[in-house]
Amino acid sequence: MGRNRAAHHPRPNNHRPAPPTRANTPPMNPTDLYARLRETVLAALAQIIPDLPAEIAARVEVTPTRDQAHGDMATNAAMVSAKAARQAPAKIAAALVQHLTGGPDIDTAEAAGPGFVNLRLRPKSFRALLPQILTNGEAYGASTTGAGTKINVEYVSANPTGPMHIGHCRGAVVGDALANLLQKAGYDVTKEYYINDAGAQVTALAWAAYWRYLQAIGSPMTETEFAAEVPGGLQYKGEYLIAVGQTLAAQYQAKLATPDLGIASPEVWLDITKDLTIDAMMAEIREDLRLLGVQQDIFSSERKLVAAGAADAIIEKLHADGLIYEGVLEPPKGKTPDDWEPRPQTLFRSTEFGDDVDRPLRKSDGSNTYFANDIAYHADKVSRGYDVLIDVLGADHGGYVSRIKAAVKAISADSVKLEGVLCQIVHILKGGQPVKMSKRAGSYVTLRDLLEEVGKDAVRFTMLTRKADAQMEFDLDQVLATTRENPVFYVQYAHARCRSVLRAAAEMFPGDLDLAGATVDTLKGDPELTLIRRLAQWPRTVEAAAIAREPHRIAFFLYDLAADFHMLWNRGKDDATLRFLQSDQPSETRARLALVAATAVVIRSGLAVMGVAPVEEMR
RNA sequence: GCACCCUUAGCUCAGAUGGAUAGAGCAACAGCCUUCUAAGCUGUGGGUCGGUGGUUCGAAUCCACCAGGGUGCGCCA
């Protein structure tokens with residue numbers, strides 16, 4: 001089942017990608033207010049401690065305060081530099097307060113707690129973001145953190161043995177959103193799909209398609225008779241192969257069978273059938289991906305790679321490097337398989353690169369293991385010049401990550417980093433009851449069924465409402481609910497409300513409103529500034545999520561943003577004078593509209609990362 | 001046996017390279033609203049962050065050990 005095979009087996013969290021180390025700090029994002037204030041703090045700090053080591057300065061952060069009573073932002077500058085400066089944090093903090101108070105952005109600064117410096121900004125510094133957001137549009141929040149790092153995100157990579165099912169879906173959405181996120185954060189991203197079309201599974205699939213072919217040409221064989229002839233038995237009984245059988249029949253008539261319409265020698269039909277079946281399945285999968293809104297740049301075929309000799313070549317190279325030997329592995333302790341017997345194997349010295357045991361590259365029949373081909377595939381990716389490779393995998397491949405990491409390390413002389421992002425199983429619930437997937441019967445919940453039931457946008461959003469490596473329950477009823485507990489609805493609704501206000505505004509005030517040029521000084525109240533503060537956090541949210549490789553953070557941010565907006569809206573429910581649109585206050589209305597428009601921009605921007613289409617109105 | 005992952009409010013989950021009094025939704029409780037700015041609003045209670053020890057000015061976060069749960073462990077992909 002390809003790399004997503006995993007998705008059926010429960011498996012809790014495994015491996016969290018370590019945040020990448022930054023060789024050098026990328027240029028500050030000019031629209032990130034927090035980054036700007038950090039520069040201000042650093043400049044002040046440099047005055048106080050002229051010889052502060054760069055690595056200490058790098059640890060200085062300016063963060064949103066949890067509690068508004070502490071001001072708008074806080075910095076740990078005094079605490080992190082205390083040791084190097086050989087001064088008490090309180091003393092440095094006091095000096096910082098002196099330097100920072102009354103600056104262009106900062107209204108007041110005060111020392112607090114163990115050495116924090118709390119900053120209260122001038123409201124106009126926050127307000128000034130609105131025209132910036134409106135001018136930049138959805139580019140607001142984009143950053144240069146990635147600094148053009150070439151990064152390859154490989155995801156889905158399901159075996160082409162049938163239509164995509166729900167198990168594949170999470171990896172597809174997480175991988176796609178992660179790629180979008182990295183792109184927004186300034187990485188040079190390639191989205192890739194690895195077609196696992198070279199293994200025994202595909203051969204089994206071809207047999208199954210061949211059975212449909214025999215049926216199509218009217219073979220007298222029964223399924224039982226046929227199955228008895230199939231090595232490993234007849235798998236893949238799904239009806240989706242019937243069309244493949246018919247196509248074969250139309251193209252080849254009875255030429256792929258014996259004269260009495262029985263099973264011909266595999267040499268006659270296996271390759272032909274395999275090719276046609278894989279193509280047909282990939283066409284289905286591509287259509288599934290399209291419906292899910294996933295568009296990958298590159299599809300790499302394991303078969304083609306092997307046929308081109310890539311696997312042999314890389315094994316040879318590793319051999320030349322002395323990283324391959326013939327050896328005998330120890331049986332796993334405590335749980336030795338019944339049929340275990342010591343056997344010399346071709347092994348890769350993955351332990352030299354951090355793996356637990358050395359890993360076999362050849363099966364006993366002389367063919368390559370999946371791992372051997374996968375080394376070749378990763379070598380191919382390395383040769384394409386990426387700095388970072390990310391494999392989005394089913395969680396049961398957790399144990400696989402360390403060996404592929406080892407391989408990439410060996411191939412690239414440690415110049416390319418491989419990261420695994422593991423996606424946990426998704427349990428589908430309907431009416432509170434689990435929806436069972438019965439694959440053996442050939443009928444299971446396909447991705448297409450799911451998309452028809454709840455729609456692409458709800459699927460994508462919901463898949464991102466949990467950390468990738470945490471199990472999740474996907475409640476079909478809740479995903480369609482129109483209440484606050486459904487984040488998809490709640491966020492979409494906020495956007496629709498923004499659009500609704502803007503539509504109404506266009507009627508109330510005909511002509512170009514030029515919101516980017518609006519005077520926004522009248523936005524002074526708490527709920528307005530709270531909302532603007534949230535908008536101010538969008539760039540740093542993108543950055544942090546990208547560095548942590550955690551696209552789900554975007555979903556949580558949007559939920560919080562929506563909550564801030566709904567709160568503002570709700571005030572107008574009780575008190576009509578607090579509504580956005582006041583025909584007798586064109587100037588104030590325009591300021592509020594700028595806020596509303598900026599909110600809509602950021603919501604759209606976030607949804608775009610998630611691959612979710614914003615709605616203009618709730619229907 | 002070994003490796004890795006997980007354990008946060010009654011439930012489902014957030015929690016930023018270690019930061020201040022650990023947050024949200026649901027549920028519970030108390031009010032409000034019956035609207036077209038439809039598909040609720042406001043507030044309250046609720047916690048030994050699995051346990052113990054350690055590092056630190058400071059730990060849900062890092063380290064060690066322990067308990068409970070999960071996944072993987074040669075020729076599956």
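Within every chain, numbering begins at 1; the chains are lettered A, B, ... in the order of the sequence lines, protein sequences first and strands thereafter.
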Practice task
Nearest-nucleotide wise, let me know which of A:Arg571 and A:His566 is further upstream toward the 5' end of RNA chain B.
Solution key: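 It is A:Arg571, whose closest nucleotide lies nearer the 5' terminus.
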Handout entry: Closest-nucleotide 5' rank along RNA chain B - winner of A:Met567 and A:Thr75
Key =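 The residue mapped nearer the 5' terminus is A:Thr75.
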Completion exercise
Sequence neighbours excluded, the answer for side-chain hydrogen bond (donor to acceptor under 3.5 Å, both in side chains) partners of A:Thr65 is none
Practice task
Applying side-chain hydrogen bond (donor to acceptor under 3.5 Å, both in side chains), name anything that partners A:Arg362, two or more places apart in sequence or on another chain.
Solution key: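 Testing A:Arg362 for side-chain hydrogen bond (donor to acceptor under 3.5 Å, both in side chains), a comparison that skips the adjacent residues, returns A:Asn368.
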For the side chain of [X], counting heavy atoms from C-beta on, which of [options] is nearest?
X	options	value
A:Arg403	B:A3, B:A77, B:U42	B:A77
A:Tyr370	B:A77, B:U42, B:A38	B:A77
A:Met618	B:A38, B:G19, B:A77	B:A38

Handout entry: A:Arg349 to A:Tyr325, cation-pi by 6.0 Å centre distance and 45° axis angle
Key =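 That pair qualifies as a cation-pi contact.
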Handout entry: Cationic tip of A:Arg540 above A:Tyr34 ring, under 6.0 Å, 45° of axis
Key = yes
Distance check needed: [N] [atom2] versus [X] [atom1], whole Å only.
X	N	atom1	atom2	result
A:Lys573	B:U35	NZ	C1'	7 Å
A:Ile278	B:A77	CD1	P	13 Å
A:Asp477	B:A39	CG	C1'	17 Å
A:Asp197	B:C76	CG	C1'	16 Å
A:Met79	B:G58	CE	P	12 Å
A:Leu568	B:U42	CG	P	12 Å
A:Asp365	B:C76	CG	C1'	13 Å
A:Arg59	B:U17	CZ	P	12 Å

Separation of the [atom1] atoms in [N] and [M], to the nearest angstrom:
N	M	atom1	answer
B:C41	B:U34	P	15 Å
B:U8	B:C13	P	10 Å
B:A22	B:G10	P	16 Å
B:G46	B:C6	P	30 Å
B:U44	B:G70	P	40 Å
B:A27	B:G72	C1'	37 Å
B:C57	B:G15	P	28 Å
B:C66	B:U56	C1'	23 Å

Close N or O pairs between protein and nucleotides 12-14 of chain B (under 3.5 Å):
| unit_1 | atom_1 | unit_2 | atom_2 | d |
| --- | --- | --- | --- | --- |
| B:U12 | O2' | A:Arg466 | NH1 | 3.1 |
| B:C13 | O5' | A:Arg466 | NH1 | 3.2 |
| B:A14 | OP1 | A:Lys467 | N | 3.1 |

Exercise for the section: Can you sort out the partners of A:Phe371 under ring-ring contact (aromatic ring centres under 6.0 Å, His included), two or more places apart, ordered by chain and number? Expected result: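 Checked A:Phe371 against ring-ring contact (aromatic ring centres under 6.0 Å, His included); zero matches.
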Handout entry: For A:Phe474, all residues meeting ring-ring contact (aromatic ring centres under 6.0 Å, His included), sequence neighbours excluded
Key =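 With neighbours one apart ignored, the set is empty.
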Completion exercise
Parsed dot-bracket for RNA chain B after applying the Watson-Crick and G-U rules with both distances under 3.5 Å and | for other-strand partners is (((((((..((((.....[...)))).(((((.......))))).....(((((..]....))))))))))))....
Look at all strands and tell whether [X] reaches a base, only sugar-phosphate, or nothing, counting heavy atoms closer than 4.0 Å.
X	answer
A:Pro114	base
A:Thr483	sugar-phosphate
A:Glu55	nothing
A:Tyr490	nothing
A:Ala74	base

Problem - Pair A:Phe565 and A:His495, ring centroids less than 6.0 Å apart - result: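 So the answer is no for these two rings.
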Exercise for the section: Examine A:Tyr377 together with A:Tyr193 and report whether their ring centres are nearer than 6.0 Å. Expected result: no
Practice task
For the residue pair A:Phe353 and A:Phe348, categorise the inter-ring angle as parallel (less than 30°), tilted (30 to 60°) or perpendicular (more than 60°).
Solution key: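 Rings of A:Phe353 and A:Phe348: parallel, under 30°.
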Exercise for the section: Determine, for nucleotides 21-28 of chain B in 5'-to-3' order, which nucleotides have protein heavy atoms under 4.0 Å from the base (write B), from only the sugar-phosphate (write S), or from neither (write -). Expected result: --SSSS--
Exercise for the section: Would you tell me if any nitrogen or oxygen in the side chain of A:Lys91 comes within less than 4.0 Å of OP1 or OP2 on B:C57? Expected result: no
Practice task
Return the set of residues passing salt bridge (Lys or Arg N to Asp or Glu O under 4.0 Å) with A:Arg499 (not counting sequence neighbours), or none when no residue passes.
Solution key: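 A:Arg499 satisfies salt bridge (Lys or Arg N to Asp or Glu O under 4.0 Å) with A:Glu616 once adjacent residues are dropped.
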Practice task
List in chain and number order the residues that pass salt bridge (Lys or Arg N to Asp or Glu O under 4.0 Å) with A:Arg303, two or more places apart in sequence or in another chain; answer none if no residue qualifies.
Solution key: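 Residues passing salt bridge (Lys or Arg N to Asp or Glu O under 4.0 Å) with A:Arg303: A:Asp275.
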Practice task
Using the test side-chain contact (heavy atoms from CB on, under 4.5 Å), find all partners of A:Asp380 that sit at least two apart in sequence or belong to another chain.
Solution key: A:Leu305, A:Ser383, A:Arg384
Problem - With A:Gln585 via side-chain contact (heavy atoms from CB on, under 4.5 Å) - residues at least two apart - result: A:Gln582, A:Glu588, A:Thr589, A:Arg592
Practice task
Provide the full list of ring pair (Phe, Tyr, Trp, His ring centres under 6.0 Å) pairs with a residue in residues 69-90 of chain A, sequence neighbours left out, each pair given once.
Solution key: none
